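Everything on this sheet refers to the single structure shown next.
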Amino acid sequence: MKSYIVGNWKMNFSVGESSVYLHKLQQKIRAFRSVEVIVAPSLVALQPLSLQVDRKKLRLAAQSANPHDFGAYTGEVSFTQLRGLVDYCIIGHSERRQLFHASDKDIRASVAAALRNQITPILCIGETETEHTFGETHDVVRDQLLGGLSEVSTEDISKVIIAYEPIWAISTTTGAHLASPDEIADIAKFIRRTLTETYGKEAGENIPVLYGGSVNPSNAGAYLTVPGINGLLVGGASLVADQFAEIIETAKKVQD
Ligand code: PEP
C-alpha cells in the first residue's frame, strides 16, 4: 500500500514564505509512486500554491473547511469553494476539537462535505492525556472514528484516510511523552478491527491509517514500520523543509 506523508503547517508562514517553502521542497524531493506527499498550508496560501504545486511530487490539503456548500456563514470557507484547489482536507484535528469546539456533528458533516466535493478527508482521532491515563483510549477512538464516519457509505469508505493522533503526544519537545510503536500498533489494530466490523474486511485492511504526534526525522523510521500504519501526519517538523524532505526520504526507503 502507498505511504502518506502529510505536513500540517497550522497557522504559520505568510503567503510569500509558503511559496518559497514549496519551491524549496519541490527542488529537494523526487516524484515517488509509493509515497504520497501532502502539505496543508494556511487557507490564504492555497490559491497561489495551487498554481505553483507540481502535482507529480505533492498534493495540497486544507486544514479545515465549513461543511455547508454556500451561505450566510461569515468568515468561513466551504469544501465547495476549495474544490479544485486541494485534493485533501484535514478534518477533526484535535486543535479544531479543543480550541474551536468542533463538534462530532460538524466533523461528520465535514467528512460528508469533503466526499461530496471530491476532496479526500483525513479524519483525525485521538484521546487526551486524561483519557489515556484512565484507560479510555479504545472507547474514545471508536466513538470519534464511527462518529466522524457516520454519514459515509460503504461505497465511499475507500476514499477516506484516518490519522491517529494521541493528543498527549502532539508537539512534545522533551520527548517524555512520545507514543511507543507498540502502543500505536495496538490502536492501529483496534481502528482496523472497528472498520472491519462496520464496513467489512476490505475496508479494515485497505484504509490508510496514519500516525501523528511529535514525528521528526529521527523517529519517523520507527513509526513508519509500525504494523498497520501507512504514513505520518507531521506538525512541527514539517515547518522545516529539510526535515520534512528527510521524513519523505525515510518513507521512500521504508516502502522499498
Ligand atoms: C499535529 O498537530 O497534527 C502534529 C502531529 O503536530 P506535531 O508533529 O508537532 O506533534
Side-chain angles (χ1 to χ4, degrees), residues 3-13 18 21 25 35-43 45 58-65 86 88-102 107 110-111 114 120-129 131-132 137 140-141 144-145 148 160-181 183-185 187-188 191 208-224 226 228-251:
S3 172
Y4 295 80
I5 303 295
V6 187
N8 177 12
W9 294 359
K10 308 192 183 187
M11 200 175 70
N12 292 293
F13 300 149
S18 302
Y21 178 115
L25 185 66
V35 182
E36 177 94 329
V37 179
I38 302 163
V39 291
S42 157
L43 198 53
L58 57 91
R59 300 282 168 151
L60 295 177
Q63 298 173 12
S64 169
V86 299
Y88 295 88
C89 185
I90 298 171
I91 295 175
H93 188 279
S94 57
E95 286 154 17
R96 299 300 312 172
R97 292 180 194 262
Q98 294 194 318
L99 304 176
F100 302 101
H101 314 293
I107 291 165
S110 292
V111 171
T120 301
I122 302 172
L123 173 64
C124 297
I125 56 178
E127 79 286 7
T128 62
E129 177 145 39
E131 289 160 346
H132 181 74
T137 301
V140 172
V141 163
Q144 291 183 354
L145 180 67
V160 169
I161 295 176
I162 307 299
Y164 170 57
E165 299 206 300
I167 297 171
W168 49 271
I170 290 182
S171 299
T172 60
T173 43
T174 59
H177 271 65
L178 289 181
S180 75
E183 280 175 293
I184 300 165
I187 304 303
I191 290 171
V209 177
L210 318 186
Y211 173 71
S214 305
V215 172
N216 60 43
S218 328
N219 61 26
Y223 288 139
L224 282 164
V226 170
I229 290 294
N230 311 105
L232 304 169
L233 178 43
V234 188
S238 78
L239 298 178
V240 183
D242 287 344
Q243 290 191 19
F244 193 54
E246 220 180 299
I247 294 171
I248 295 163
E249 273 297 330
T250 303

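Numbering of ligands and ligand atoms starts at 1, following listing order. The shown structure was predicted, so the numbers you read here are calculated from the model rather than taken from an experiment.
Although no hydrogens or angles enter the test, the distance criterion places no donor-acceptor pair under 3.5 Å between the side chain of R96 and the main chain of I107. Under a 3.5 Å cut-off, the side chain of E165 and the backbone N or O of G126 do not form any donor-acceptor pair. Without hydrogens or angle criteria, Q243 side chain to P217 main chain gives no donor-acceptor distance under 3.5 Å. Checked by atom type and distance alone, the side chain of S214 never pairs as donor or acceptor with a backbone atom of L178 at under 3.5 Å.
In summary, the side chains of E36 and Y88 do present a donor paired with an acceptor at a separation below 3.5 Å, with no hydrogens or angles considered.
Taking 4.5 Å as the limit, every side-chain heavy atom of V160 sits out of range of all side-chain heavy atoms of T120.
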Pairs under 3.5 angstrom, nitrogen or oxygen on both sides, ligand 1 versus protein: list them out, please.
unit_1: ligand 1; atom_1: 2 (O); unit_2: K10; atom_2: NZ; d: 2.5
unit_1: ligand 1; atom_1: 2 (O); unit_2: H93; atom_2: NE2; d: 2.9
unit_1: ligand 1; atom_1: 3 (O); unit_2: H93; atom_2: NE2; d: 2.8
unit_1: ligand 1; atom_1: 3 (O); unit_2: E165; atom_2: OE1; d: 3.0
unit_1: ligand 1; atom_1: 3 (O); unit_2: E165; atom_2: OE2; d: 2.8
unit_1: ligand 1; atom_1: 8 (O); unit_2: G235; atom_2: N; d: 2.8
unit_1: ligand 1; atom_1: 9 (O); unit_2: S171; atom_2: OG; d: 2.9
unit_1: ligand 1; atom_1: 9 (O); unit_2: G236; atom_2: N; d: 2.9
unit_1: ligand 1; atom_1: 10 (O); unit_2: S171; atom_2: N; d: 2.5
unit_1: ligand 1; atom_1: 10 (O); unit_2: S214; atom_2: N; d: 2.7

